Amino acid sequence: MAGGISHIKGRLSMNTIKTVIAILIILNIASFISADQSEIPEIIDFTCRTNTKAALVDYPTRFEGPVRFSHKKHVESYGAGCGDCHHDSELYPIEVYDPSETYSCEECHYDRGLVRGPKIENNMSEADQLMHRPNAIHAQCLGCHKKFNKEKHLVVAPEACISCHKKQY
Amino acid sequence: MTEINPKNIGSFSRRRFLEMIASLSLVSASGVWAGQQFDLPDLVIADSDMPKIKVAMAAKKAALRHQCRPDMARFSGKHMAFKVISEELGAPSASEIMVNQIMKNVRAGKIGKGVSAKDPSEARMFLALNTAATTWNMIVGPYGENHENMGFLGWLPQGLPPELTANPVSLKDKRDTSKKIKAIAAYAGSDKTGITEIDRRWVYSSTCKNGEDPGPAISKPILFKKTDQPKETEKALILPDSVRYAVVMLFVQPRALHQIDPATLANNASVNQGYSQMGIASVSLAQAIRSLGYVAIPCMNDTAMSVPLSIDAGLGELGRLGFLITPEFGPHVRIAKVLTNMPMATDKPIEFGVTEYCRDCGICARECPSGAISPDKEMTFEPPPGADPCGNPGALKWYVDGKKCLRWWLESGGGCSRCVNVCPYTRATMGDVLPPGQIRPEDFWDLDHKAYGRRDITY
């Protein structure tokens, strides 16, 4: 996960702002999947495997199938910046894409399988839950969508499983 | 990592800059999302083993059938999902959001998220069907909740001669009374009726008079007191202590409309037709009981919890999906009730293996579009944390996250019944009208339509 970001306080000059915008446009922001990529990945396919013990014992939803995430669309059409989803090792939002860093969620959120329901309440701390990648990604995606919907007083940004997950049999 | 030196420029701070970008993004994203077309996954129901239904009288009495912690509180009407979600979204009304979404869908020729009609005019036709289905529901008092003791759902006799309402008919044979009340209920529209003594744990602790406002709940407690007639004061709704019985009625919903899912106008029409029948029947039966000189409180979703009352009345068992599962119609029913002080023989709870079947099945949890149904093998006393405060802790069951469920309705623009539709008890009892896996909304119009859209009535 990217680290060492300077957290700027105070005010920015117009030149700085222009520079940031220019960098974002020229570099097309960045991919967090591969540090070598210089363009925003158009699509990111999350495999959403449910191979945890919990998932085998219980009943996973059929909508835990793969998610095709429209990464570029979120950046270009919805105006999302890197820091809206990606954070550094100190949990500060990424300010600017750094090709020398990795942006893979898996690097830190390495546990698999969504942990949910009473299990969360009884057995796991919030930090432990977030070690499970699906929990972290759900928190980011749903958290942002719910925040957006609250601003709009609507449910327009998708929240339901079916809206993102492809059904699996 | 690139360093950016902070420099001042006028009053344009970094925070302000980011806020501006964020709000611009929000506005543009809202437009994009509003116009986005989604292709939902194909919803084919996988084959599952059908339950074998063999009904037996429950070994335990009604009150002992429910496993509840002593600290379980009575449910409050202010914790209904429509109220809670309206508060969460800061919206004038969750229903209004749904109506807006419906209109948006219809303009685009859709009857739900990812479910297209042939064209916008056919989508309008489904909306018309839904309008017909829900009209009596709206007239009586939409869905009942937040309409306790209002209009047709008023708690006192309406337009009946005092000679009747003030003089209770002498009823010596409780069994005979039950039989006749069930017959009257059938003629009022009930598809099956059961009678139970009221377990007060299932009566709401309070109502909510502003059930869809984002602001603080305007709530009144429901109290039982020594009084002849029910009444409402500035501070409370009061039921007579003598109101000890509930007549619980089931209403079968149109199967074909339910099959056009998930969360579509067709589903809405099916459910709303059930609600209209609930409204008509509960008010009609209440008036009949009042004409016999007894107190009668007509209820739809309001005043008391329908599912535990119907279990106590011997109409079915609780399923994983949070619905009553009946041996005749699976969970494909709606439930209304009339609370009364008319002495009647009560029915005994039944068992036909629902809990055991649901533990091993779980298809509703797998198919739920919003992940609202507990996927866990075992039941719990606690709802999922996210369901707070809609889930009422303390009863052993598979909890359903009502908030997730309703937010999906608002997202899609239609009440969802996917869980009911896929339940093997539905399919074992009601069968399929439209062929699963090949459902096209337009095929609905070519069906042989029944009276009330749900059953054969020969005149």
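Computed from a prediction, not measured in an experiment: that's the story for all the values here.
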Heavy-atom distance under 4.5 Å between the side chains of B:K113 and A:P158, does that happen here?
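A side-chain contact exists here, since the closest heavy-atom pair is under 4.5 Å.
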
Should A:C161 and B:W408 count as side-chain neighbours, where that means a heavy-atom distance under 4.5 Å?
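Answer no - side chains too far apart.
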
Under 4.5 Å, counting heavy-atom pairs only, tell me which of B:Q101, B:E88, B:K404 racks up the most with chain A.
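When all of B:Q101, B:E88, B:K404 are compared, B:E88 has the most.
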
Heavy-atom pairs under 4.5 Å with chain A are the metric here; pick the option from B:A91, B:S86, B:G90, B:A387 that has the most.
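Ranked by contacts with chain A, first place is B:G90.
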
Any donor and acceptor pair, going by atom type alone, linking the side chain of A:E159 with main-chain N or O of B:R407 inside 3.5 Å?
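No: the side chain of A:E159 does not pair with the backbone of B:R407.
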
Taking atom CD of B:Q67 as the centre, does the number of heavy atoms from other residues, nucleotides or ligands within less than 6.0 Å exceed 12?
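Open.
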
Report, as yes or no, whether the 6.0 Å neighbourhood of atom CZ on A:R68 holds more than 12 heavy atoms from other residues, nucleotides or ligands.
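No, the 6.0 Å shell around CZ holds no more than 12 heavy atoms from other groups.
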
A:L154 CG to B:L410 CG distance, which is reported to the nearest 0.5 Å:
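If we round to the nearest 0.5 Å, A:L154:CG and B:L410:CG are 9.0 Å apart.
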
